[in-house]
Asker: 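Would you mind keeping the following structure in view while I ask a few things?
Residue numbers start at 1 and run along the sequence shown. Note that the coordinates shown come from a computational prediction; the quantities given were computed from them, not determined experimentally.
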Amino acid sequence: EHDRSGAVAARLERLGFLPSLLISASSGFVIALAAPPDGLQIANWLGFVPLILMATRESPSAKQVAVLGWAGGLGIGLGGFPWIGELLVKFAGVPVVAGWLGLFVFSAWVAIPYGIWAVGLKLGPCRGFPSWIWPAALFVAVQSSWPVLFPYSPILGFAETPQMMQLAEAFGVHGIEAVVVAASVCLARSIASSSRRTRVGNLLFFLIAPLLLYFGGELRMRSVDREAVNAPQLRVGIIQPNLGIDSHPTGEKMQRLWEASLGAEEQGAQLIVWPEAGAYAYLVNRPFAGDAKRVGRRVLARHKTPTVFGARSRDAGARFNYNSAFFVDGEGRALGTYDKVNLVPLGESIPIIDPTWGTDRIPGIGHRLAGDAPARFVLPEPVRAPTEQDSDLPHDISFAPLICYEDIIPDYARRAAAQAGGIELFVNLTIDAWYGDTAEPWEHLALAQFRAVEHRIPIVRSVSSGVSAVVDANGRLVSHLPLRPVTLQNRAEFPPEFLVETLSLARNTERHPTVYARFGWL
């Protein structure tokens, strides 16, 4: 038995650089298979193993291992984010070759942390307790600090099995990554070890880790569900007008928003949420005083329910505008303004060069002004169902608006939840129509689901053409509206839609912060 296992390790050591490179590269593509929609869940647990096997051998040098690690991460971008290439071709107008080159550049950048991590595996401790902690700790350190255009997690596929997400309440999404990495290291050692005892022990840990994560998560979800039974409730209407990019005239956009909002109001919505700027077609002058005077621009043209809506806004005489979220009550009075803080580079923010010079000379490039901080909107005394347990609490409901991809930025969501007075809900306003009928809207939703678990509060997401969704405090997808591939030619096939759900608001983030909310990545 010892000889047979030693032969496996020997064969791994004898592998040439090219076979090693191919085996390492398979890691990223296997990890990508776990991504939504309908990800292959076991790929979350197997994806790191080929790279770990190649990086922890004695034969390759540290420089070679760096290349192997980089190749191991490359497939995550190429296999999981191909919509980036399509985006560049469709909306930036670049040739197909340039679009795919852009995808490769993005993937190459995302892969660098895997090269750093692989070198750390090669040079780090290989015996005793440190050898168990080091791979997971190093991965979390590199992954959480590496700057990326779109923050992501290689375990975003766990959103489709919410039981696997529950540890995020204590350690955030990177804490779950650490468990997966540790289990993957155990499987790799089980494969490569020449000791039967080592093989069996490592294999047992690899098998037990996902079971503990799943069944421990199931127990925690049941506990959170019990908390929600007698919690205050809010009925929210999420509007999905099914608007593509430049697919509808301005008047038709407004008609779709009004029609869906009236339907949501008739089903008892106490708060209505519209998508990001672009769905509401008009520019709002600052400071925001309330709903528009002109009927054709009015948000509350047909309904009278308090509404959050996205719009471009601009100070008088300013060159650039803001990507904003506004909140009006049933009479159209202003209840809040929030300006998006985290702007998408090149699409919304021009780095390094003067933005005025850049927008004058580079076609298609855009620039907006950034907000200063998160905002807290308060819905005053909606009709709720208070119980004996919550009768001493204020009846106002507070929530934090997040625009576009701000709901996938863990640190920023943590700032939003830490505002004075706390919040009971995240509200996300998004347009994902840029990405067409791709995996991006599903990946965006999956990454956002972790925020609900990290803070134990629900998330509602209004997305112009899907995927609009309600996520509960367990990170569970309660209901959603499908992705609609709307274009100028087919828009009649996709009428406006809405979703009305009753949310249980069991927690305020100030009064009941989670461990993760208190300590972050510590």
Asker: Could E497 and R484 be called an ion pair, given the rule that one side-chain N must be under 4.0 Å from one carboxylate O?
Answerer: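 Result for this pair is yes, salt bridge flagged.
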
Asker: Are E227 and R456 close enough for a salt bridge, meaning some N to O gap below 4.0 Å?
Answerer: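 The answer is no: the pair does not qualify as a salt bridge.
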
Asker: Does the ring centre of F81 sit less than 6.0 Å away from the ring centre of Y152?
Answerer: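 Ring centres of F81 and Y152 closer than 6.0 Å.
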
Asker: Answer yes or no: is there a side-chain heavy-atom contact under 4.5 Å between L499 and Q240?
Answerer: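 No, too far: nothing below the 4.5 Å cut-off.
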
Asker: Going by an N to O cut-off under 4.0 Å, is there a salt bridge joining R220 and E169?
Answerer: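 Answer for the salt bridge query: yes.
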
Asker: By the definition side-chain contact (heavy atoms from CB on, under 4.5 Å), identify the one residue from N44, I31, V110 that meets it with P154.
Answerer: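 Per the side-chain contact (heavy atoms from CB on, under 4.5 Å) rule, the option paired with P154 is I31, out of N44, I31, V110.
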
Asker: Where is the tightest heavy-atom contact between D432 and G466, given as atom of each residue plus distance?
Answerer: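 Where D432 meets G466 most closely, the heavy atoms are CB-O, 4.0 Å.
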
Asker: Strictly below 4.0 Å, N to O, side chains only: are R476 and D225 in salt-bridge contact?
Answerer: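 Judged by the 4.0 Å cut-off on N to carboxylate O distance, R476 and D225 do form a salt bridge.
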
Asker: Does this structure show an ion pair linking E252 with R491, if we count only N-O contacts that are shorter than 4.0 Å?
Answerer: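 Yes.
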
Asker: Take atom CZ in R518; do more than 12 heavy atoms of anything else shown fall under 6.0 Å from it?
Answerer: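 No, the 6.0 Å shell around CZ holds no more than 12 heavy atoms from other groups.
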
Asker: Regarding D315 and R286, does a basic nitrogen lie under 4.0 Å from an acidic carboxylate oxygen?
Answerer: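 Result for this pair is yes, salt bridge flagged.
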
Asker: So which heavy atom on S464 is nearest to which on A433, and how close?
Answerer: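 Shortest heavy-atom contact: OG-CB, 4.1 Å.
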
Asker: Look at the side chain of T509 and the backbone N and O of A417, then say whether any donor-acceptor pair between them is shorter than 3.5 Å.
Answerer: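 Pair found, side chain donor or acceptor close to backbone of A417.
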
Asker: Ignoring hydrogens and geometry beyond distance, is a side-chain donor-acceptor pair present between T430 and E276 at under 3.5 Å?
Answerer: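 Side chains of T430 and E276: no pair found under 3.5 Å.
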
Asker: Start with the C-alpha gap between N508 and E424, add the side-chain angles, then the distance that decides, and say whether side chain to side chain donor-acceptor pair (under 3.5 Å) holds.
Answerer: CA-CA 5 Å; N508 174 280; E424 296 164 284; 4.9 Å; no

Asker: Quick check: F288 with F327 (ring centres under 6.0 Å apart)?
Answerer: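 When the ring centroids of F327 and F288 are compared, they turn out to be at least 6.0 Å apart.
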
Asker: For the CG atom of L300 and the CZ atom of R333, what is their distance to the nearest 0.5 Å?
Answerer: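 Here the interatomic distance stands at 11.0 Å.
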
Asker: Kindly say whether the aromatic ring centers of F106 and F104 come within a distance under 6.0 Å.
Answerer: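 No, too far apart.
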
Asker: Quick check against the 3.5 Å criterion: does N490 have a side-chain atom that pairs as donor or acceptor with the backbone of E493?
Answerer: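 A pair under 3.5 Å: no.
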
Asker: Do F171 and Y516 have side chains that approach each other closer than 4.5 Å (heavy atoms only, starting at C-beta)?
Answerer: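 They are not in side-chain contact.
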
Asker: Within the 3.5 Å criterion, strictly below it, is a donor on S324 or D339 matched to an acceptor on the partner's side chain?
Answerer: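 Yes, side-chain donor-acceptor contact under 3.5 Å.
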
Asker: Would you say D372 and V341 make side-chain contact, with heavy atoms under 4.5 Å?
Answerer: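 No, too far: nothing below the 4.5 Å cut-off.
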
Asker: What verdict does the side chain to side chain donor-acceptor pair (under 3.5 Å) test give for R314 and N321, after you've listed the backbone C-alpha separation in whole Å, the side-chain angles of each residue and the deciding distance to 0.1 Å?
Answerer: CA-CA 4 Å; R314 186 166 59 197; N321 56 50; over 6 Å; no

Asker: Does I245 reach the side chain of I431, with side-chain heavy atoms less than 4.5 Å apart?
Answerer: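 Of all side-chain heavy-atom pairs linking I431 with I245, at least one is under 4.5 Å.
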
Asker: When you look at E501 and S479, which way does the side chain to side chain donor-acceptor pair (under 3.5 Å) test go after all the steps?
Answerer: CA-CA 8 Å; E501 285 290 341; S479 58; 3.0 Å; yes

Asker: Which heavy atom in P380 sits nearest to a heavy atom in L335, and how many Å separate them?
Answerer: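 Where P380 meets L335 most closely, the heavy atoms are CD-CD1, 4.2 Å.
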
Asker: Quick one: are H480 and V470 in side-chain contact, heavy atoms under 4.5 Å?
Answerer: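 Answer no - side chains too far apart.
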
Asker: Any side-chain donor-acceptor pair under 3.5 Å between H444 and D407?
Answerer: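 Distance-only check passes for H444 and D407.
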
Asker: Should I239 and V273 count as side-chain neighbours, where that means a heavy-atom distance under 4.5 Å?
Answerer: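 Heavy-atom side-chain distance check fails, nothing below 4.5 Å.
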
Asker: Run the salt-bridge test on R451 and E454 with the 4.0 Å N-O cut-off and return the result as yes or no.
Answerer: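 Between E454 and R451 there is a salt bridge, with a charged N closer than 4.0 Å to a carboxylate O.
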
Asker: Side chains of W83 and E443: donor-acceptor distance under 3.5 Å anywhere?
Answerer: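 Yes, side-chain donor-acceptor contact under 3.5 Å.
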
Asker: Hey, could you give me each pair passing side chain to side chain donor-acceptor pair (under 3.5 Å) that has a residue in residues 288-299? Not counting sequence neighbours.
Answerer: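 Non-adjacent pairs meeting side chain to side chain donor-acceptor pair (under 3.5 Å): zero.
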
Asker: Any side-chain heavy-atom pair from H455 and R507 closer than 4.5 angstrom?
Answerer: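 Contact flag for H455/R507 side chains = no.
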
Asker: If you take all heavy atoms of I409 and P151, which pair is closest and at what distance?
Answerer: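 So the two residues come closest at CG1-CG, 3.8 Å.
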
Asker: Parallel, tilted or perpendicular: which one describes the rings of F158 and W45, with boundaries at 30° and 60°?
Answerer: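 Rings of F158 and W45: tilted, 30 to 60°.
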
Asker: For the pair F309 and F326, name the ring-plane relationship: parallel under 30°, tilted 30 to 60°, perpendicular over 60°.
Answerer: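 The rings of F309 and F326 sit tilted, inter-plane angle from 30° to 60°.
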
Asker: Return the minimal non-hydrogen interatomic distance between V460 and I238, and the atom names on each side.
Answerer: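 Closest approach of V460 to I238, heavy atoms only: CB-CG1, 4.1 Å.
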
Asker: Please work out which of the three classes, parallel, tilted or perpendicular, describes the rings of W146 and W109, given edges at 30° and 60°.
Answerer: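 Taking W146 first and then W109, their aromatic rings sit tilted (interplane angle of 30° to 60°).
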
Asker: Looking only at heavy atoms, which two atoms of G421 and E510 are closest? And how far apart?
Answerer: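 That closest heavy-atom pairing would be N-OE2, 3.0 Å.
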
Asker: I want to check something: taking the side chain as every heavy atom from C-beta on, are Y405 and K340 in contact at a cut-off of under 4.5 Å?
Answerer: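 Answer yes - side chains close enough.
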
Asker: Would you check, one step at a time, whether the test side-chain contact (heavy atoms from CB on, under 4.5 Å) holds for F450 with I155?
Answerer: CA-CA 11 Å; F450 283 94; I155 53 135; 4.2 Å; yes

